[in-house]
Q: 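The following block contains the structure, expressed as structure tokens.
Just so you know, these numbers come straight off a predicted model, no measurement behind them. Ligands are counted one by one from 1 in listed order, and the atoms in each one are counted from 1 as well. These numbers come from the heavy atoms of this one structure, side chains and all, not from hydrogens, waters or symmetry mates.
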Amino acid sequence: MDIHSANECTRCALSQTRTTVVVGSGPLHAALIVIGEAPGKSEDEGGAPFIGRSGQLLFSLINEELKMNREDCYVTNVVKCRPPDNRTPLAPEIAACAPWLEAQRALWSGQVVLTLGLTAARVMTGSKAPMKDLHGIPVVRHNLTFVPTYHPAAALRQGPSVVAVMRADLAVVRGLLS
Ligand code: URA
């Protein structure tokens, strides 16, 4: 599927409540790809991924640990439209959106992917394990290396202990990029 037509997507019911299809941002040739769960309110209104509070924390950690900026990463989500009240996307929504992610994957030249939160970790690695067992452990699949970490929203809720784990997971990413 042509990723440009994602903007008109009606493959699932989220198309009825979204404001914007948040397809992705950044260069397709980025060395690092970042995948979250689904757009939140700020992203639905602004049309770009991780531009709200979670994104602020995420990119300050990426900047400190990897010396990279938002513009150096290709950033997207498993699901491209905001679920009402920011609920977790449902399995049929994830399945309906999967062809867009596949179309993006075909365009990436980078090989290292940071996944944020349990939804992205499970969809991208195929594992059903809990985050405590998934984070920081690279999984090779489809010629890409996925490093799961916690969602920055969890770090905003739970504080410094989650931030510390995310920093350690980003150090794994740093090793893979170097
Ligand atoms: N949370 C996500 O998972 N993705 C975004 O783009 C914003 C918040």
Q: Note the single closest protein heavy atom to atom 1 (N) of ligand 1, along with its residue, its atom name and the distance in Å.
A: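 Checked against all protein heavy atoms, atom 1 (N) of ligand 1 sits closest to H151 NE2, 3.2 Å.
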
Q: Can a side-chain donor-acceptor contact be found between Y150 and Q158 if the only test is distance below 3.5 angstrom?
A: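 Distance-only check fails for Q158 and Y150.
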
Q: Is there any N or O on P49 that sits under 3.5 Å from an N or O of ligand 1?
A: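 No, no N or O pair falls under 3.5 Å.
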
Q: Considering non-hydrogen atoms of the protein only, which is the closest contact for atom 4 (N) of ligand 1, and what is the distance?
A: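 Residue, atom and distance for the closest contact: N77 OD1, 2.7 Å.
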
Q: Which of the numbered atoms in ligand 1 are below 4.0 angstrom from a heavy atom of F50?
A: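 Those qualifying, in numeric order: 1 (N), 2 (C), 3 (O), 4 (N), 5 (C), 6 (O), 7 (C), 8 (C).
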
Q: State whether R82 and E43 are salt-bridged, where the test is any N-O pair (Lys NZ or Arg NE/NH1/NH2 against Asp/Glu carboxylate O) under 4.0 Å.
A: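 Salt bridge absent between R82 and E43.
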
Q: Looking at T17 and P83, would you say the former's side chain and the latter's main chain have a donor-acceptor pair under 3.5 Å?
A: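 A pair under 3.5 Å: no.
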
Q: Ignoring hydrogens and angles, tell me if any N or O in the side chain of R167 forms a donor-acceptor pair with the backbone of E64 under 3.5 Å.
A: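 A pair under 3.5 Å: no.
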
Q: Taking it one step at a time, do I3 and W100 satisfy side-chain contact (heavy atoms from CB on, under 4.5 Å)?
A: CA-CA 6 Å; I3 191 65; W100 299 125; 4.1 Å; yes

Q: Which heavy atom in M131 sits nearest to a heavy atom in A121, and how many Å separate them?
A: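 That would be CE-CB, 4.0 Å.
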
Q: Closest non-hydrogen protein atom to atom 2 (C) of ligand 1, residue and atom name please, with distance?
A: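 Ranked first by proximity to atom 2 (C) of ligand 1 is A38 O, 3.0 Å.
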
Q: At a non-hydrogen distance cut-off of under 4.0 Å, which region of E37 contacts ligand 1 (side chain, backbone, both, or neither)?
A: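 Looking at E37 and ligand 1, atoms from backbone and side chain both fall under 4.0 Å.
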
Q: For S54 and ligand 1, does the shortest N/O to N/O distance drop below 3.5 Å?
A: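 No, there is no polar N/O contact under 3.5 Å.
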
Q: Taking only heavy atoms of G36 into account, list the atoms of ligand 1 that are under 4.0 Å away from them.
A: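 That gives atoms 3 (O) of ligand 1.
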
